[in-house]
Amino acid sequence: MATFTYKRTNKVLLIYTGGTIGMGKNPATGALEPLDFNCLVDNLPEFKYLKTGIEVYQFASPIDSSDMAPRLWAHLVGIIADNYDSYDGFVILHGTDTMAYTASALSFMLENLTKPVVLTGSQLPIGQLRTDGKENLVTSIDLAASHHEDGTPMVPEVCIYFSGKLLRGNRSTKQNAEGFNAFESFNYPSLCDAGINFNFHHHEILKPNYEQPMVPHTALDSNITLLSIFPGIQENIIRHLIEAPELRSIVMRSYGSGNAPQHPWLMKLLKEASNRGVVVVNISQCIAGSVEMERYDTGFQLKNAGVVSGYDSTVEAALAKLMFLQGMYRDNGTVRKLMHKNIAGEISV
C-alpha cells in the first residue's frame, strides 16, 4: 500500500489587498492613502531572515476594507486555487474593518483546505515608527510556513494573526478600533500563541484529509439582512424589511441566550417569513456565549416561530455561511438544515 507523502515547496504567497498596513500619509492633506506595495516591502529588511521563499501577488488597485465585497472574496479564492500547488501557505494583507468577514467567507469557500491561509494587517501603517505591521506580517509568514516533521502544515485552516495570537478566522471578530489587540475569538481558544516561541494548541486545530483535494467555491448569494433586536423596535419598519421579496435569510441578533420581546406582531412576522422559506438564524448580541432558545420562554417562542439557532456563531460567520450555502443550494430547506451543522469549525454543536 502506497504511503502518502506531503510535498512542500518552501514558498509562501503574500497577497496584498490593501489596508492600513500599506498606507502612507499624503503630504498635502495628511490623510492616509494606499502606497505602492513596493514601498511596503522596502520597509521590511526582516524578510531576508525568514526561512521560506516569499512571492507577492498585488491587487491592481488596493482595496479599502470597507469596500470588501463577495466578488472580491471570489477573486481571492481564485488566486489561492490557481496557486495552490505552488506554495506551502498564503498570507493575505487586509484592512481590519472587514477582515473577520473575509476570513469567515474563505473558511467556507475553500472546502477541505489543507494549507494555511493567514489574514493579517495592522492598526498603524508599516512605515510609522510604532507600527504593529512588521511583527504581524513577519510572524504571519513564519506561521504559514510552519510544519510538522512529515511536512504537513501546523495550521491548515483560515486564520487571523494579530498581536501575538493566531485565531480561527470564522471565530474571530474585531474588538478594538485603537489598540493593537484588534481581534479576539470569544467562543474558541487561540490556535497558537506567538511569544518567544510558537505555542501551538494542536487539539484545537482542524485536521483535514490530506489525500483529498481542496475544492474552491465562488458562488455566493447575499440576499440576506441583519436584524438587531432592541427596545422600541417598530412593526412597520421591520415588516418592510422581512417582507422584501428577494430576501432569503435573516441573521437576527437577539438578547442574551437567544431572547426577543414577546410582541405578537414580531412572532407573526417571523413565522410568516419562515413559512415562506426565509431562513431566520438566531445569534446573541453578547460577544461571548451561545444561543439556547429552550432556556427562557421568550426564546422558546422564537423556536416555535421557525427560527433556527446560530449557536455560538459570530455575526460575520453567520452571514458568510448563509451567503455560501445560498450560493450552493437554491432550496432554502437545505440551507436551514445545514445551518445546524458545523462545516468549518464555525460553531460548537
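Computed from a predicted model, the values in this text were never measured in an experiment.
- Leu322 is not connected to Leu270 by any chain of hydrophobic side-chain contacts under 4.5 Å among Ile, Leu, Val, Met, Phe, Trp and Tyr, and they are in different clusters.
- For Ser107, the side chain to side chain donor-acceptor pair (under 3.5 Å) test picks out Asn170, with sequence neighbours left out.
- Expressed to the nearest 0.5 Å, how far CG of Asn187 lies from OG of Ser290 amounts to 7.0 Å.
- For Lys165 and Phe183, the positive end is not near the middle of the six-membered ring at less than 6.0 Å and at most 45° from its axis.
- In this structure, Glu204 and Glu157 approach most closely via the heavy-atom pair O-OE2, 4.4 Å.
- Proximity of Met109 to Trp73: side-chain heavy atoms (C-beta onward) are separated by under 4.5 Å at one or more points.
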Run the side chain to side chain contact (heavy atoms under 4.5 Å, CB included) check on Trp265 and Ile238 step by step: do they pass? CA-CA 10 Å; Trp265 64 262; Ile238 301 307; 4.1 Å; yes
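- One hydrophobic cluster, built from ILVMFWY side chains closer than 4.5 Å, cannot hold both Ile250 and Val279; they sit in different ones.
- Taking a cutoff of 4.0 Å between a charged side-chain nitrogen and a carboxylate oxygen, Lys174 and Glu184 do not qualify as a salt bridge.
- Side-chain contact between Ser140 and Phe90 is absent, with no heavy-atom pair separated by less than 4.5 Å.
- With hydrophobic clusters built from ILVMFWY side chains whose heavy atoms lie under 4.5 angstrom apart, Ile160 shares a cluster with Ile63.
- Two residues are said to be in side-chain contact when any heavy atoms from C-beta on lie closer than 4.5 Å; Tyr6 and His148 fail this criterion.
- Atom CZ of Arg71 is separated from atom OG of Ser222 by 12.0 Å, given to the nearest 0.5 angstrom.
- Annotation: the span from Leu13 atom CG to Ile54 atom CD1 amounts to 10.5 Å, rounded to 0.5 Å.
- For the atom pair CG of Leu191 and CD1 of Ile205, the computed distance is 5.5 Å after rounding to the nearest 0.5 Å.
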Assess the residue pair Ser274 and Arg336 against the criterion (side chain to side chain donor-acceptor pair (under 3.5 Å)); give the C-alpha distance rounded to whole Å, side-chain angles, the decisive distance to 0.1 Å, and a yes or no. CA-CA 10 Å; Ser274 183; Arg336 179 189 297 267; 3.1 Å; yes
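- Closest non-hydrogen pair, Pro62 versus Gly18, comes out as CB-CA, 4.0 Å.
- Listed here is the closest heavy atom pair of Thr98 and Met68: OG1-CB, 3.4 Å.
- Contact record, Met323 with Pro70: SD-CG, 4.1 Å, taken as the closest heavy-atom pair.
- A pairwise comparison of heavy atoms in Ile343 and Leu325 identifies CD1-CD2, 3.9 Å as the closest pair.
- Nearest heavy atom pair, residue Leu166 against residue Cys159, reads CD1-CB, 3.5 Å.
- Between the side chains of Ser309 and Asn282, no donor-acceptor pair of N or O atoms lies under 3.5 Å.
- The residue from Thr225, Asn223, Asp221 that alone fulfils the side chain to side chain donor-acceptor pair (under 3.5 Å) condition with Arg248 is Asp221.
- In this structure, a donor-acceptor pair under 3.5 Å is present between the side chains of Ser348 and Asp312.
- For the residue pair Ser228 and Arg253, a side-chain donor N or O sits within less than 3.5 Å of a side-chain acceptor on the partner.
- Evaluated for a side-chain contact (heavy atoms from CB on, under 4.5 Å) with Lys321, the options Ile347, Leu338, Val335, Val251 yield exactly one hit, Ile347.
- Salt bridge annotation for Lys51-Asp142: absent, with no cationic side-chain nitrogen under 4.0 angstrom from a carboxylate oxygen.
- Residues Arg168 and Ser190 have side chains that never bring a donor and an acceptor to within less than 3.5 angstrom of each other.
- For the side-chain contact (heavy atoms from CB on, under 4.5 Å) criterion with Val91, the lone passing option out of Leu137, Thr139, Ile15, Val56 is Leu137.
- Using a 4.0 Å cut-off between charged side-chain N and carboxylate O, Lys268 and Glu272 make a salt bridge.
- For the pair Tyr161 and Leu119, the minimum side-chain heavy-atom distance is 4.5 Å or more.
- Inspection of the Glu292 and Tyr311 side chains reveals no N or O donor paired with an N or O acceptor under 3.5 Å.
- Two rings, from His217 and Phe108, have their centers 6.0 Å or more apart.
- Placement of Leu226 and Met252 in two distinct hydrophobic clusters is found when ILVMFWY residues are connected by side-chain heavy-atom separations under 4.5 Å, directly or transitively.
- Transitive grouping of hydrophobic side chains (ILVMFWY, heavy atoms separated by less than 4.5 Å) brings Met328 and Val308 into a common cluster.
- Note: His201 NE2 to Tyr188 OH = 11.0 Å, rounded to the nearest 0.5 Å.
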Verdict with reasoning, His75 to Phe59, per ring-ring contact (aromatic ring centres under 6.0 Å, His included): CA-CA 10 Å; His75 182 45; Phe59 273 29; 5.0 Å; yes
I'd like to know whether Leu76 forms a side chain to side chain contact (heavy atoms under 4.5 Å, CB included) with Thr102, so could you lay out the CA-CA distance, the side-chain angles of the two residues, the decisive distance to 0.1 Å, and finally the verdict. CA-CA 9 Å; Leu76 280 169; Thr102 297; 3.9 Å; yes
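- A side-chain contact (heavy atoms from CB on, under 4.5 Å) with Ser65 holds for exactly one of Asp97, Thr17, Leu72; it is Asp97.
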